[in-house]
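What follows is a set of notes on a single structure, which appears directly below.
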Number of protein chains: 2
Amino acid sequence: MARPRTFDEERALDAAVWAFWVKGYEATSTQDLCSATGLGRSSIYNTFSSKRELFTRALARYMDVMTAGQVAVLEQVERSAMERLRALFDVVIDGEFERRVEGRSVGCLTVNTTVEIAGRDPEIAELLARDLERRLASFRGVIEAGQRAGEISTARDADSLAPFINAVIGGMRVSAQGGADRAVLESVADTALVALSGVGSPSRVD
Amino acid sequence: MARPRTFDEERALDAAVWAFWVKGYEATSTQDLCSATGLGRSSIYNTFSSKRELFTRALARYMDVMTAGQVAVLEQVERSAMERLRALFDVVIDGEFERRVEGRSVGCLTVNTTVEIAGRDPEIAELLARDLERRLASFRGVIEAGQRAGEISTARDADSLAPFINAVIGGMRVSAQGGADRAVLESVADTALVALSGVGSPSRVD
DNA sequence: CGCGTTTTAGATAGATCAGTACAGAAACCG
DNA sequence: CGGTTTCTGTACTGATCTATCTAAAACGCG
């Protein structure tokens with residue numbers, strides 16, 4: 001029983017998430033993390049052990065929050081499957097245009113981490129894989145519902161279509177980081193939905 | 001006049017491309033570049049001025065080679081537009097499974113660079129943007145040909161569909177880095193082609 | 001065979017990196 | 001209010017980073 005912390009661990013973690021999100025793992029120094037969180041080095045190392053450990057906690061927190069948000073959108077049973085998928089894409093697109101630094105999207109920490117370090121760090125790759133599976137399961141659920149309701153083509157099963165949705169979202173995030181504007185991303189989303197419905201005309205309502 | 005170089009500049013550049021491709025810009029040290037190229041520090045700095053300069057030259061070379069390869073596939077006029085697009089996807093997928101380190105794809109240097117540094121380096125972002133425009137132009141050409149031939153839906157114009165193809169390819173590369181197997185990537189490609197044709201059934205011939 | 005020029009190798013510079021040591025401040029309990 | 005424990009700011013460590021400096025080596029040419 002002694003002196004309590006003067007900072008909130010979750011707030012510090014959120015600040016670290018943002019720092020890693022914007023600059024990536026390698027380019028973010030421990031000094032950057034001190035500045036971002038407002039903590040001293042001692043507090044950071046006392047609380048999070050190492051830069052890598054802090055990163056894995058930040059990544060885990062990011063994935064929890066973001067994936068939970070996406071899953072929540074996909075579980076709005078009062079909407080049709082197609083509406084839910086469109087809502088998912090809208091959430092993704094809105095995110096890309098809300099979270100920008102110097103006029104450019106910071107993308108998605110999951111995608112950024114997959115690209116930057118999944119290939120060299122099996123433990124982080126495993127964290128990413130678990131999150132991916134969670135998202136794919138959610139995608140599959142909506143797709144199956146859409147197929148039962150006749151909204152989504154049954155030419156391909158949900159196991160095949162879920163990775164397609166995931167790939168399109170990842171591609172949209174990379175495109176946003178590359179400078180794509182909103183109309184382009186919306187068009188990509190529309191086209192992807194066409195592929196799912198299996199009919200030749202998009203159905204976005206403006 | 002004076003002492004000639006004992007190394008080939010392009011070979012050194014290719015080695016640097018691979019080093020940056022595998023580890024990314026930040027994580028690749030100048031020592032890594034010396035090891036990869038077989039050159040001493042003096043030779044590298046004498047020839048390429050700085051790490052960043054070497055990176056921009058490596059990236060430019062990568063983009064030249066890769067984009068030229070993709071454009072060549074898309075300009076095989078003896079094949080139909082859909083066949084050319086399928087061939088493009090096949091080239092992408094084959095690449096993801098040919099270029100691996102420790103069982104994982106190294107992805108695409110263009111995508112990796114967009115994610116890692118486009119947001120913080122306008123000059124590199126500009127290089128990437130120019131390469132993107134070159135690829136999009138090639139995509140548009142094939143799409144328009146496909147639309148004239150009745151293979152590709154005219155519900156959306158080529159300006160809209162080209163970024164879709166780009167996004168799907170980017171998403172496939174990220175998926176590959178995340179551990180997706182070949183069947184998954186082929187399925188994603190098939191589904192994307194369905195979206196272009198605007199009909200409900202894929203046409204892969206095994 | 002030197003002379004001028006360029007490349008090369010290796011040592012070095014100075015900054016920055018992740019991480020630690022330590023001392024004192026702050027808060028709780030009795 | 002004293003003892004104890006935890007926290008926190010600062011100084012520091014050794015490694016590594018990018019980049020440069022120095023001097024020897026290697027070539028073409030007169």
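Below, chain A is the first sequence line, B the second, and so on; all start at residue 1.
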Partner set under salt bridge (charged side-chain N to carboxylate O under 4.0 Å, His left out) for B/Arg5, not counting sequence neighbours: B/Glu9
Nearest heavy-atom contact between A/Phe97 and A/Asp181 is CZ-C, 3.5 Å
What pairs with A/Asp64 under salt bridge (charged side-chain N to carboxylate O under 4.0 Å, His left out), at least two apart in sequence or on another chain? A/Arg134
How long is the line joining OH of A/Tyr45 and C1' of D/dA11, in whole Å? 15 Å
Whole-Å distance between D/dA19 P and B/Lys51 NZ? 8 Å
Using 0.5 Å steps for rounding, measure from the OG1 atom of B/Thr114 to the CG atom of B/Leu109. 9.0 Å
Taking atom CD as the centre, does B/Glu133 end up with more than 12 heavy-atom neighbours from other residues, nucleotides or ligands that are less than 6.0 angstrom away? yes
Determine whether more than 12 heavy atoms belonging to other residues, nucleotides or ligands lie under 6.0 Å from atom CZ of B/Arg11. no
Check A/Asp131 with A/Arg135, please: is the shortest side-chain N to carboxylate O separation under 4.0 Å? yes
If the threshold is 4.0 Å, N to carboxylate O, is there a salt bridge linking B/Glu26 and B/Arg120? yes
From CZ of A/Phe48 across to P of C/dA18 the rounded distance in Å is 16 Å
Rounded to whole angstrom units, what separation is found between the CD1 atom of A/Ile44 and the P atom of C/dC17? 13 Å
Euclidean distance, atom CD of residue B/Glu53 to atom P of D/dA19 [Å, nearest integer]: 10 Å
Donor-acceptor contact below 3.5 Å, side chain B/Arg99 vs main chain B/Ser105: no
Restricting both atoms to N or O, compile the protein contacts to nucleotides 7-11 of chain C shorter than 3.5 Å, with distance only.
{"from": "C/dT7", "atom 1": "OP1", "to": "B/Arg5", "atom 2": "NH2", "distance (Å)": "3.3"}
{"from": "C/dT7", "atom 1": "OP2", "to": "B/Asn46", "atom 2": "ND2", "distance (Å)": "2.9"}
{"from": "C/dT7", "atom 1": "O2", "to": "B/Arg3", "atom 2": "NH1", "distance (Å)": "2.5"}
{"from": "C/dT8", "atom 1": "OP1", "to": "B/Thr6", "atom 2": "N", "distance (Å)": "2.9"}
{"from": "C/dT8", "atom 1": "OP1", "to": "B/Thr6", "atom 2": "OG1", "distance (Å)": "2.9"}
{"from": "C/dT8", "atom 1": "OP2", "to": "B/Ser43", "atom 2": "OG", "distance (Å)": "3.0"}
{"from": "C/dT8", "atom 1": "O5'", "to": "B/Ser43", "atom 2": "OG", "distance (Å)": "3.3"}
{"from": "C/dT8", "atom 1": "O4'", "to": "B/Arg3", "atom 2": "NH2", "distance (Å)": "3.4"}
{"from": "C/dA9", "atom 1": "N7", "to": "B/Ser42", "atom 2": "OG", "distance (Å)": "2.7"}
{"from": "C/dA9", "atom 1": "N6", "to": "B/Ser42", "atom 2": "OG", "distance (Å)": "2.8"}
{"from": "C/dG10", "atom 1": "O6", "to": "B/Ser42", "atom 2": "OG", "distance (Å)": "2.7"}

A/Lys51 (side chain) donor-acceptor with A/Tyr25 (main chain) under 3.5 angstrom: yes
In residues 113-128 of chain B, what residues come within less than 4.0 Å of DNA chain D, judged by heavy atoms? none
From B/Phe48, B/Phe20, B/Trp21, B/Tyr62, residue fulfilling ring-ring contact (aromatic ring centres under 6.0 Å, His included) relative to B/Phe55: B/Phe20
Does any residue of residues 19-32 of chain B have a heavy atom under 4.0 Å from DNA chain D, and if so, which ones, in number order? B/Thr28, B/Ser29, B/Thr30
Could you run through DNA chain D and flag its stems, i.e. three or more consecutive Watson-Crick or G-U pairs with both distances under 3.5 Å? C:1-30 with D:1-30
Nearest 0.5 Å please: distance from the CD atom of B/Glu96 over to the CD atom of B/Gln177. 7.0 Å
Using a strict cut-off of less than 4.0 Å between a Lys/Arg side-chain nitrogen and an Asp/Glu carboxylate oxygen, indicate whether B/Arg130 and B/Glu126 qualify as a salt bridge. yes
